[in-house]
> 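Let me begin by handing over the structure; questions about it come next.
Only this structure's heavy atoms are used, side chains among them; waters, hydrogens and symmetry mates stay out. In what follows, every chain begins at residue 1, and chains take the letters A, B, ... in the order their sequences are listed.
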Amino acid sequence: MADSMSSSMGESYLMVEITGPVRVRFAPSPTGFLHIGGVRTALFNWLFARHYGGQFILRIEDTDEKRFVQDAADDIMASMRWVGINWDEGPDKGGPHAPYVQSERKALGIYQRPADELVASGHAYKCFVTPEGEEAMRAAWAAKGERPERFRFRGPERDWTHAQVAEAEASGAPFTIRLKVPFDGATSFHDLVRGGDQITINNADLYDLVLLKTSGMPTYHLAHLVDDHIMGVTHVIRGEEWVPSAPYHIMLYQAFGWQMPTFAHVPNILRQDGKGKLSKRRDDVSTNRFWERGYLPEAMFNYLSLQGWSYDDKTEIMSREEIVERFTIDRVQASPARWNPDKLKDMNGIYIRSLPATDVADLLMPYMVKAGMIADPPQAKDRSYLEQMTPLIHERLEELQQAPELLAFFFQDTISYEPKLLIQKQMDAARSVDILRAAHAALNSIENWTISEIEEHLRALVESLGVKPGQLFGSIRVAVSGRTVAPPLFDTLAVLGRDRSLARIAAAAVSLE
RNA sequence: GCCCCCAUAGUCUAGCGGCCUAGGACGUCACCCUUUCAAGGUGAAGAUCGCGGGUUCGAAUCCCGCUGGGGGUACCA
C-alpha cells in the first residue's frame, strides 16, 4: 500500500475542460444556521452544476452526534432557497440515492460494509485505544522528550495478529476503525483552483485517521467519501479547510479502488479584519439575518458569486443567468476573500434601485407592519399610502429595514424635535417665525395640493421673501418632518397632505415664539 | 511547534513574459447637480505589484529563499 500512496493522477487530471456530465454536492453539517461562507461554497457548486448542465445534490452530514442542532437542516435549506440555490436531489425531495441524510444512511449499514472491507484488505484496522489511552500515549511521547505537538497517532493494533484482534473483540472492548496510514512516502493530488497544480503531503505528517467511531457512526472522512462514490459525484468543490485532510481521502479512494473525483478547494471568506475565517459564533453572518435586514436575494447571490470568483476586469453587476453562463472554476481565486459588508450594502442598494417602485412597496410592507406603522393585516389604503411614499425613499435605501425609520414622521400624530433646528443659517428665531407663517399662508392658498403647485407657490415665496431656497425649505422640512435630513420637500408635503402639513408648520411657528 | 495553501492600493479584484505610464469596484476626499440627504456625473488621493535573489533582450506575471497572512494538526465537520 505504501508504494501506491505516491499517487499520480495522470495527465487527464490536469484538463480543466469538463467533458462528461457533472455531479456535485453541497454537504453541510446541521450544527447551526448556515452562514454566508457556507452559502458561497454551496453557490459555487450550484453554479458549476448549472453551467455544465449537471446535477447539484444536497446532502446533510449529521455524523457528529454531539453538535447536532435540531432544525438546523431546515434553516440551511431555507437559506439556500432564499438565495436562489435549488437542488436536484436532497433530503426533502429524494432522488435515486435517497436517503440524503447520513444518519439515515448509517442506519442502513451503508458505511459499515466499506469500513469492514478496508479492515479485511489491510488498509484499515480495529483500534481499541480509548480516548484516555490516547492521552497516555501522548504523555509517554512527551516524556520521551518529543514535542507533544508532533505526536501523530499510530495504533499499536497495526501490527496485531488476527488472534490478538479476535481476543480483544471477544472481550467486548469498544473499538474504532482507523485508516492504516503508511509511515513513508507522500500523497499528492491535483486541485483545479490552483490551476491543476499538485499538492503533496508527506505521509509521516499524517496519522491513523478514525473512519468509524466506537458508536458505529462514520466520521466525515469515511461518510462523505462513500456517499460521493455511491452518488456518482464527479467534482468535489469544498472549502480550503479540507486541503490538509485530502490526502486521507486520496488514500481511501485508492484503497477502495474507486474512481477519483476532481478536487477544487475554494478559498475561505475571511473576517472583516482579516483575522481568521468567518465564524458563526463571532460574526453576524447568518444568512437569515440578511433576509431580515432587507437584502435582496439577487444582491446576495451576486455579491457572493464575487467572493473568490470574478468574470473579468470590470463586470460586477450580473444576473443569475449571466453568472451561470460565465462561471468557470479556472476563474476561482486561490487566495482568500475578505468579508466586506459595505460592498454588499452598496450592491443591495443598486438592486433595490433597479426595481420598480411598486415592487419596492411590496417588499417594504412587512417591515412597516413589523414596525407597527401599518396595521396587520394591511388595508388597501395602507398599501396605496405606502406606494405614494416609496418613491421618496426608494433610491435612498440600502437595506429594506431602513424604511420605517425614514418614513416614521408620516405615521406620527405629533412629531418632536428641537425648535432651534427650525432656524436656518443666517436666520434668527423671529425671522424664522415670519417665513414659517408666510409659508403657511402660501400653502393655504393652494387649490390643488399637488407637487407641482406646492413647488410653484414655495418658489414664488422664496422670491418675494428674498431668502435663499435652503433657508425657507430647510425650515419647512424640519417643521413637517422633525429632521434636517429627509426626503425631497415638495414630494413630502404632497404625500403628507394639506391638513397635516399646515398644522405642523403652524405648530413650528408657535414653538419658536 | 509541525504540515499545507496564499500574497496587486484600507478592502474585493483584473492581469496568466512585452498591449501596464498596473484596469475596474467598495470605501475616502473634492467638485458639479441641488431645498437637506441620497442617487447620478466628473475628478483626486491611495499599489516602489510583501521583501531579496535569480531566469530572460524583457517579469506583477516563471524559479528559489525570506517575511507576512490564512488553513490544518479531533472518535468536529
> I want to know whether A:Y207 and A:F151 have ring centres closer than 6.0 Å.
no
> Return whichever of A:P487 or A:E398 has its heavy-atom-nearest nucleotide of RNA chain B closer to the 5' end.
A:E398
> Any base atoms under 4.0 Å from A:W339, or only sugar-phosphate, or nothing? Heavy atoms, all strands.
nothing
> When the distance from CD of A:Q272 to P of B:U11 is rounded to whole Å, what number comes out?
12 Å
> Strictly below 4.0 Å: does A:R331 bring a side-chain N or O up to OP1 or OP2 of B:G15?
yes
> Please determine, for the side chain of A:T176, which listed nucleotide (B:U36, B:A77, B:C75) has the closest atom?
B:C75
> Would a distance-only check, ignoring hydrogens and angles, find a side-chain to backbone donor-acceptor pair under 3.5 Å from A:D75 to A:G32?
no
> Determine the Euclidean distance between corresponding C1' atoms of B:A47 and B:A60; express it in Å to zero decimal places.
11 Å
> Tell me: CE of A:M318 to C1' of B:A25, nearest whole Å?
11 Å
> So what does A:T315 touch, heavy atoms closer than 4.0 Å: a base, only the sugar-phosphate, or nothing?
nothing
> Which nucleotide sits closest to the side chain of A:R138: B:A7, B:A74, B:G24?
B:A74
> Counting only side-chain N and O atoms of A:T219, is one of them less than 4.0 Å from OP1 or OP2 of B:A74?
no
> Got a donor-acceptor pair under 3.5 Å from the side chain of A:T214 to the base of B:C75?
yes
> Between B:U13 atom C1' and A:K343 atom NZ, what is the distance in whole Å?
8 Å
> Applying a 3.5 Å limit to both distances, which nucleotide forms a Watson-Crick or G-U wobble pair with B:A60?
none
> Can you check the A:Y207 OH to B:G72 C1' distance for me, whole Å?
10 Å
> Quick one: is A:S245 getting a side-chain N or O under 4.0 Å of the B:G72 phosphate, OP1 or OP2?
no
> Applying a 4.0 Å non-hydrogen cut-off, can you work out what A:G308 is touching in the nucleic acid: base, sugar-phosphate, or nothing?
sugar-phosphate
> When all nucleic acid strands are considered with a 4.0 Å heavy-atom cut-off, which category describes A:R238: base, sugar-phosphate, or nothing?
nothing
> Please figure out whether A:Y311 or A:Q102 has its closest RNA chain B nucleotide nearer the 5' end.
A:Y311
> A:I199 near the nucleic acid: base, sugar-phosphate alone, or nothing, with a heavy-atom cut-off under 4.0 Å?
sugar-phosphate
> May I have the distance from A:N302 (atom CG) to B:U13 (atom P), rounded to whole angstrom?
14 Å
> What's the CZ-C1' distance between A:R338 and B:U11, to the nearest Å?
7 Å
> What's A:G274 touching, base or sugar-phosphate or nothing? Going by heavy atoms closer than 4.0 Å.
sugar-phosphate
> Hunt down the Watson-Crick or G-U wobble partner of B:U42, both distances under 3.5 Å, from any strand shown, or write none.
B:A30
> Which of the following nucleotides, B:A77, B:U73, B:A7, is nearest to the side chain of A:S29?
B:A77
> In whole Å, what separates the C1' atom of B:G68 from that of B:U34?
48 Å
> Any donor-acceptor pair, under 3.5 Å, between the side chain of A:R396 and the base of B:C37, if you only look at N and O atoms?
yes
> Indicate, with yes or no, if the rings of A:W141 and A:F153 have centres closer together than 6.0 Å.
no
> A:T200 near the nucleic acid: base, sugar-phosphate alone, or nothing, with a heavy-atom cut-off under 4.0 Å?
sugar-phosphate
> Quick one: label A:V129 by what it contacts on the DNA or RNA (base, sugar-phosphate, nothing), any heavy atom closer than 4.0 Å.
base
> Quick one: which of A:R154, A:R178, A:R152 gives a side-chain hydrogen bond (donor to acceptor under 3.5 Å, both in side chains) with A:D208?
A:R154
> Identify whether NZ of Lys or CZ of Arg in A:R331 sits under 6.0 Å from the centre of the six-membered ring of A:F327 and within 45° of that ring's axis.
no
> Would you classify A:K275 as touching base, sugar-phosphate or nothing, given that sugar-phosphate means primed atoms plus P, OP1 and OP2, and contacts are heavy atoms under 4.0 Å?
sugar-phosphate
> Which side-chain N or O atoms in residues 460-470 of chain A pair as donor and acceptor under 3.5 Å with protein atoms at least two apart or in another chain?
| residue | atom | partner | partner atom | Å |
| --- | --- | --- | --- | --- |
| A:S464 | OG | A:A460 | O | 3.4 |
| A:S464 | OG | A:L461 | O | 3.1 |

> Need one value for A:P28: base, sugar-phosphate or nothing, where a base atom within 4.0 Å counts as base even if backbone is also close, heavy atoms only.
nothing
> Under 3.5 Å for both donor-acceptor distances, Watson-Crick or wobble: does B:C51 have a partner, and if so which one?
B:G65
> Base, sugar-phosphate alone, or nothing: which one does A:E316 contact when heavy atoms must sit under 4.0 Å apart?
base
> Distance check, C1' atoms only: B:G50 and B:G10, in whole angstrom units.
16 Å
> Classify the nucleic acid contact of A:P148 as base, sugar-phosphate or nothing, counting any heavy atom under 4.0 Å across all strands shown.
nothing
> Please tell me if A:K66 has a side-chain N or O lying less than 4.0 Å from either OP1 or OP2 of B:A74.
no
> In whole angstrom, give the distance that lies between atom CZ of A:R25 and atom C1' of B:A77.
11 Å
> Answer yes or no: is there a donor N or O on one side and an acceptor on the other, between the side chain of A:K180 and the main chain of A:Y125, under 3.5 Å?
no
> Charged N to carboxylate O under 4.0 angstrom, A:E61 versus A:R25?
no
> Nearest-Å distance, CG (A:L222) to P (B:C76)?
13 Å
> What's A:G276 touching, base or sugar-phosphate or nothing? Going by heavy atoms closer than 4.0 Å.
sugar-phosphate
> Identify whether any heavy atom of A:T484 sits under 4.0 Å from a base atom; if not, whether one sits that close to sugar-phosphate; answer base, sugar-phosphate or nothing.
base
> Taking the side chain as every heavy atom from C-beta outward, state whether A:L436 and A:H440 have any pair of such atoms under 4.5 Å apart.
no
> Please answer whether the main-chain N or O of A:I237 pairs with a side-chain N or O of A:N45 as donor and acceptor at a distance below 3.5 Å.
yes
> Quantified in whole Å, what is the P atom distance between nucleotide B:C12 and nucleotide B:C4?
25 Å
> Shorter than 3.5 Å, N or O on both sides, protein versus nucleotides 40-49 of chain B: list them out with atom names.
| residue | atom | partner | partner atom | Å |
| --- | --- | --- | --- | --- |
| B:G40 | OP1 | A:R353 | NH1 | 3.4 |

